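Here the structure comes first, spelled out in structure tokens, and everything after it is commentary.
All heavy atoms count here, side chains included; hydrogens, waters and symmetry mates do not. Fair warning: this is a prediction, and the values are worked out from it, not measured in the lab.
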Amino acid sequence: MGGTFDPIHLGHLVAAEQIRADLALDEVVFIPAGAPWQKAREVTPAEHRYLMTVLATAANPAFSVSRVEVDAPGPTYTVDTLRALRERLPDEDLFFITGADAILSILTWRDATECLELAEFVAATRPGHDLSDLEETGVREKVMAVDVPALAISSTDVRERIAAGRPVTYLIPREVEQYARKHGLYGTERQRLGIDQPR
């Protein structure tokens, strides 16, 4: 499961567990983006996002977290990650889980066609949200959509809530909230410095 996870929230965890169960997957490996080249905003340093993801997933034995992108030098690309995973797991069925919003921009990804060959893509979508915009591209038939109600939660909203001093209880795991607050990741001090401005 790929994503910026800035921060990881309960919608990510619900989506991962539902898709794991629906598709009878052995494991879901969370892969926090290292230096996501398509993000217009400044993202929280990768090590913080990795550690929050570890905290959020620790209680589920079917979840693990990979450093493959966190440790990669320079901008990170999904195709490089999938190549590395395919090399390590040549005989396994690979599924790449991400949000529908990311899937809708897939043709702008580096080597998008190869990405779609290296793994089966699964789009976690909100109920009623569809991927019809992909119909004309020829990509739609290569992407499986799974409705996940909890995806109404967004990392953007969580960052804005923390910055405004509003509660995030039941939106993110308690351990993630404690970590973010302890390290001042989304608070007003970072806003004053011009880092991680809420959008």
Side-chain angles (χ1 to χ4, degrees), residues 1-39 43-44 46-72 76-89 92-106 109-110 112 114-127 129 131 139 142-158 171-173 175-176 179:
M1 184 171 194
T4 310
F5 302 127
D6 193 14
I8 189 165
H9 55 67
L10 294 180
H12 294 128
L13 300 174
V14 169
E17 181 60 18
Q18 180 176 319
I19 291 168
R20 186 196 67 75
D22 288 356
L23 303 184
L25 304 179
D26 296 322
E27 179 182 15
V28 176
V29 180
F30 288 75
I31 304 177
W37 65 281
Q38 284 192 323
K39 285 286 181 186
V43 298
T44 302
E47 192 65 26
H48 283 308
R49 293 183 288 103
Y50 168 78
L51 290 172
M52 286 189 288
T53 305
V54 169
L55 288 170
T57 58
N60 189 328
F63 290 172
S64 64
V65 186
S66 170
R67 294 187 62 92
V68 66
E69 290 197 9
V70 172
D71 292 338
T76 50
Y77 300 95
T78 299
V79 68
D80 295 331
T81 301
L82 291 174
R83 285 171 184 154
L85 291 172
R86 176 51 66 208
E87 192 172 306
R88 288 183 209 168
L89 306 163
E92 301 292 339
D93 293 328
L94 293 182
F95 295 81
F96 186 83
I97 305 166
T98 192
D101 53 344
I103 291 286
L104 291 172
S105 66
I106 194 168
W109 296 9
R110 174 178 280 188
E114 185 179 353
C115 286
L116 292 163
E117 291 167 356
L118 287 166
E120 172 119 21
F121 273 65
V122 182
T125 68
R126 295 181 178 96
H129 184 92
L131 300 177
V139 171
K142 298 182 180 187
V143 177
M144 181 186 317
V146 177
D147 283 348
V148 182
L151 284 187
I153 302 170
S154 79
S155 293
T156 300
D157 182 51
V158 170
L171 297 176
I172 61 177
E175 299 83 358
V176 172
Y179 183 96

Before you tell me yes or no, could you show the steps for Val148 and Thr125 under side chain to side chain contact (heavy atoms under 4.5 Å, CB included), namely the whole-Å CA-CA distance, both residues' side-chain angles and the distance that decides it to 0.1 Å?
CA-CA 6 Å; Val148 182; Thr125 68; over 6 Å; no
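- Here the closest non-hydrogen pair linking Ala124 and Ala15 is CB-CB, 4.2 Å.
- Distance check, rounded to the nearest 0.5 Å: CD1 of Ile97 to CD of Glu120 gives 11.0 Å.
- The nearest pair of heavy atoms linking Val176 to Pro7 is CG1-CB, 4.0 Å.
- For the pair Leu94/Leu118, no side-chain contact is recorded, criterion being any heavy-atom separation below 4.5 Å from C-beta on.
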Working for side chain to side chain contact (heavy atoms under 4.5 Å, CB included), residues Ile153 and His9
CA-CA 7 Å; Ile153 302 170; His9 55 67; 3.6 Å; yes
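- You'll find the side chain of Leu85 reaches within 4.5 Å of the side chain of Ile31, heavy atoms only.
- Considering every non-hydrogen atom in both Leu13 and Ala56, the closest pair reads CD1-O, 3.8 Å.
- Ring geometry for Trp109 against Phe121 counts as tilted: the plane angle lies between 30° and 60°, on a 0 to 90° scale.
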Could you go step by step and tell me if Val65 and Val29 meet the side chain to side chain contact (heavy atoms under 4.5 Å, CB included) rule?
CA-CA 5 Å; Val65 186; Val29 180; over 6 Å; no
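- Across Ala123 and Ile103, no two heavy atoms sit closer than the pair CB-CG1, 3.7 Å.
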Start with the C-alpha gap between Val43 and His48, add the side-chain angles, then the distance that decides, and say whether side chain to side chain contact (heavy atoms under 4.5 Å, CB included) holds.
CA-CA 10 Å; Val43 298; His48 283 308; over 6 Å; no
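- Side-chain contact between Val139 and Leu116 is present, with heavy atoms from C-beta onward closer than 4.5 Å.
- Between the OH atom in Tyr50 and the CG atom in Leu55 there is a gap of 10.0 Å [rounded to 0.5 Å].
- The CZ atom of Arg88 sits 5.5 Å away from atom OG of Ser66, with the distance rounded to the nearest 0.5 Å.
- The CD1 atom of Ile8 sits 9.0 Å away from atom CE of Met52, with the distance rounded to the nearest 0.5 Å.
- Relative ring orientation between Phe30 and Phe5 is described as tilted, the plane-to-plane angle lying within the 30° to 60° band.
- Annotation for Arg49 and Thr44: closest pair NE-O, 2.7 Å, computed over non-hydrogen atoms.
- Annotation: side chain to side chain donor-acceptor pair (under 3.5 Å) contacts involving residues 52-63, sequence neighbours excluded, comprise Glu17-Asn60.
- Contacts classified as side chain to side chain donor-acceptor pair (under 3.5 Å) and involving residues 21-36 (residues at least two apart or in different chains) are given here: Glu27-Ser64.
- In terms of heavy-atom proximity, Ala119 sits nearest to Leu82 at CB-CD2, 4.0 Å.
- Residues Ser155 and His12 are in side-chain contact: their nearest non-hydrogen atoms beyond the backbone lie under 4.5 Å apart.
- Atom OG1 of Thr81 sits about 13.5 Å away from atom CZ of Arg86, to the nearest 0.5 Å.
- Within the model, atoms CD of Glu114 and CG of Asp80 stand 9.0 Å from one another, a figure rounded to the nearest 0.5 Å.
- Salt bridge Arg67/Glu47: present, at least one basic N to carboxylate O contact under 4.0 Å.
- Considering only heavy atoms from C-beta on, Phe96 stays 4.5 Å or farther from Val122 through its side chain.
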